[in-house]
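Written below as structure tokens is the structure these notes are about.
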Amino acid sequence: MKLLVTGGAGFIGSNFILYMLEHHKDYDIINLDKLTYAGNLENLKSIDGSTHYSFIRGDIADAKLVGDIMDTGIDAVINFAAESHVDRSILEPAAFVKTNVLGTQTLLDVAKEKHVSRFVQISTDEVYGSLGATGRFTETTCLHPNSPYSASKASADMLALAYHETFNMPVLITRTSNNYGPYQFPEKLLPLAITNLFENKPVPIYGDGLNVRDWIYVMDNAEAIDRVLHKGKEGEVYNIGAGYESSNISLIKTVVKLMNKSESLITYIKDRPGHDRRYAIDPSKIMNTLGWSSRTSLDIGLKTTIDWYEGNRAWWDRIKSGEYMKYYEQNYSSKGLKAY
Ligand code: NAD
Ligand code: TYD
């Protein structure tokens, strides 16, 4: 297969590319990424020069570019490209509408015109809104997004499903809970906490710290997306989750303990506006129909992630200093790595 992965220089997209090249050695992957602040080609250093991988810097909302790429013969599109951070969506919602809504619509339009035979839209459990103390999100839970980020993702989901109904497009949607693991940009809770703790800096906890998230190790999500890509039913939504719910404070206390640091570094700060209280995914559908289940316990996943950040300090130092942004110019533009 020849895959177009969008947003492949980000956290989940880069882990997905590494996963796919490892598990499908004859596949070809084109990674289309705009390289916003969240895009980091250093995540994919290990496959630079691979004959099965190429990178294109560009915007998913650029219909001409997307059309040219699809003309090379793309079997499937997996759309990870997005503005993904809730806090930024509160400060600058327009960027979220541009990429997450208009960008997705452009990709859908071009994929329709070029008769692409599979389109996987990567979405999030945040489209369902916030839960009370009990219950879990199923695929039929009503959408009730509360942040500009989740509203833009819900809009994209609705467009994708509408393209399936109206144009019979082969669209599938995954809605995953909070991912964690290697290569996550240190603005999100876990990498921020881990890197700050290594530097003995405070770890900010919003509000009372009792907001609950449902955590999944990123490679388990990659495997689930692979399963949906190959075996999922067109027009269907698949929830992906591992069943590890934790309040933020309890999660961070576990991390502090695993890293042998002091709880005095935990600092409560002003709450996020519109902060969703609880997310919890019911993954029964993908488990029962596609035979997927998560492999990594939260305990093992956290230890692996902490070890990774410890062993890859240069990776996050270069993010904190801004050096990572020079990788494209230094390696793609001047050294002629395979790029269009
Ligand atoms: P990320 O912010 O780490 O990466 C996003 C990538 O998209 C970056 O490489 C960025 O450069 C690229 N991008 C942004 N705008 C673009 C554009 N207009 N054209 C091309 N590329 C563009 O995000 P992530 O955490 O890897 O999330 C990937 C996807 O998974 C997103 O769609 C997100 O909504 C979804 N998701 C994330 C989580 C999570 O916990 N991180 C959970 C569920 C779903
Ligand atoms: P985040 O990683 O931003 O993911 P999301 O908002 O998409 O779930 O945040 C995870 C949880 O951690 C969320 O409840 C907000 C909280 N949080 C903090 O308490 N402190 C922080 O510094 C950050 C970034 C998040």
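Only heavy atoms go into these numbers, but all of them, side chains included; no hydrogens, no water, no symmetry mates. This one's a predicted model, so the numbers in the text were calculated from it and none came from an experiment. Order of listing sets the numbers, starting from 1, for every ligand and every atom in it.
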If we check side-chain hydrogen bond (donor to acceptor under 3.5 Å, both in side chains) with Tyr327, which of these qualifies: Asn40, Asp48, Asn43? Asp48
At their closest point, which heavy atom of Lys153 faces which heavy atom of Ser123, and how far apart are they? CE-CA, 4.0 Å
Val86 to ligand 2: N or O pair under 3.5 Å? no
Can you tell which of Leu35, Asp59, Ile12, Leu65 gets a heavy atom nearest to atom 18 (N) of ligand 1? Asp59
List the steps and the verdict of side chain to side chain contact (heavy atoms under 4.5 Å, CB included) for Trp308 and Tyr183. CA-CA 9 Å; Trp308 187 87; Tyr183 302 117; 3.4 Å; yes
Salt bridge (Lys or Arg N to Asp or Glu O under 4.0 Å) partner of Asp208, the single match among Arg277, Arg272, Lys270: Arg277
Does Asn40, backbone or side chain, put an N or O under 3.5 Å from an N or O of ligand 1? no
Solution key, residues 190-200 side-chain donor-acceptor pairs under 3.5 Å, sequence neighbours excluded:
residue	atom	partner	partner atom	Å
Thr195	OG1	Pro191	O	2.7
Thr195	OG1	Leu192	O	3.3
Thr195	OG1	Lys320	NZ	3.0
Asn196	OD1	Lys320	NZ	3.3
Asn196	ND2	Pro202	O	2.9
Glu199	OE1	Lys201	NZ	3.1
Glu199	OE2	Arg313	NH2	3.4
Asn200	OD1	Lys261	NZ	3.0

Under 4.0 Å to a heavy atom of Asn179 - the qualifying atoms of ligand 1, by number: 39 (C), 40 (O), 42 (C)
Look only at interatomic distance and state if Thr36 has a nitrogen or oxygen under 3.5 Å from any nitrogen or oxygen of ligand 1. yes
Is the shortest N/O to N/O distance between Asp125 and ligand 1 below 3.5 Å? no
Phe80 to ligand 1, any heavy atom closer than 4.0 Å: yes
Do any nitrogen or oxygen atoms of Asn79 lie less than 3.5 angstrom from nitrogen or oxygen atoms of ligand 1? no
Taking distance alone, with N or O pairs closer than 3.5 Å, would you say Thr124 contacts ligand 1? no
Asn196, Asn248, Ile205: member with heavy atom nearest to atom 16 (C) of ligand 2: Asn248
Going by the order shown, which atoms of ligand 1 are within less than 4.0 Å of some heavy atom of Thr99? 15 (N), 16 (C), 17 (C), 18 (N)
Do me a favour and list the nearest non-hydrogen protein atom to atom 33 (C) of ligand 1 with residue, atom name and distance? Tyr149 OH, 3.5 Å
Polar contact flag for Asp33 and ligand 1 (N/O pairs, less than 3.5 Å): yes
Identity of the nearest option to atom 23 (C) of ligand 2, non-hydrogen atoms only, from Tyr149, Tyr180, Tyr268, Tyr206: Tyr206
Per atom 15 (C) of ligand 2, closest listed option by heavy atom (Arg278, Glu126, His275): His275
Under 3.5 Å: N/O of Asn178 near N/O of ligand 2: yes
Which of the atoms in ligand 1, numbered in the order shown and given with their element, are less than 4.0 Å from a heavy-atom of Ala81? 7 (O), 20 (C), 21 (N), 22 (C)
List every atom of ligand 2 that sits less than 4.0 Å from any heavy atom of Glu187, numbering the atoms from 1 in the order shown and giving each element. 24 (C)
What do you reckon, does Arg213 have a nitrogen or oxygen under 3.5 Å from a nitrogen or oxygen of ligand 2? yes
Geometry only, no angles: is Asp87 polar-contacting ligand 2 at N/O separations under 3.5 Å? no
With respect to Glu245, which candidate in Arg136, Arg278, Arg213 satisfies the side-chain hydrogen bond (donor to acceptor under 3.5 Å, both in side chains) definition? Arg278
Could you tell me if any non-hydrogen atom of Thr6 lies under 4.0 Å from any atom of ligand 1? no
Would you say Ser123 touches ligand 1, if touching means a heavy atom closer than 4.0 Å? yes
For Lys114, does the NZ atom have more than 12 heavy-atom neighbours from other residues, nucleotides or ligands under 6.0 Å away? yes
Return yes or no for this condition: an N or O of Ala61 is under 3.5 Å from an N or O of ligand 1. no
Provide the full list of ring pair (Phe, Tyr, Trp, His ring centres under 6.0 Å) pairs with a residue in residues 91-113, sequence neighbours left out, each pair given once. none
His275 and Tyr206 aromatic ring geometry - parallel, tilted or perpendicular at 30°/60° bounds: perpendicular
Does some non-hydrogen atom of Tyr180 fall short of 4.0 Å from ligand 1? no
Would you say Asn178 has any N or O atom under 3.5 Å from an N or O of ligand 1, going by distance alone? no
Are any of the heavy atoms in Gly58 under 4.0 Å away from ligand 1? yes
Ligand 2 atoms nearer than 4.0 angstrom to some heavy atom of His85 are 3 (O)
Under a 4.0 Å heavy-atom limit, does Leu192 contact ligand 2 with its side chain, its backbone, both, or neither? side chain
Over-ring placement of Arg175 relative to Phe137, 6.0 Å and 45° cut-offs: no
Any heavy atom of Ser177 under 4.0 Å from ligand 1? The part involved is backbone
If you compare all heavy atoms of Tyr238 against all heavy atoms of Glu236, which two are closest, and at what distance to 0.1 Å? CE1-CB, 3.7 Å
Atom indices of ligand 2 within 4.0 angstrom of Lys188 heavy atoms, with elements: 2 (O)
Give the atoms of ligand 2, by number and element, whose distance to some non-hydrogen atom of Pro204 is under 4.0 Å. 18 (C), 19 (O), 20 (N), 21 (C), 22 (O)
May I ask you to check whether over 12 heavy atoms, not counting those of His23, lie within 6.0 Å of atom NE2? yes
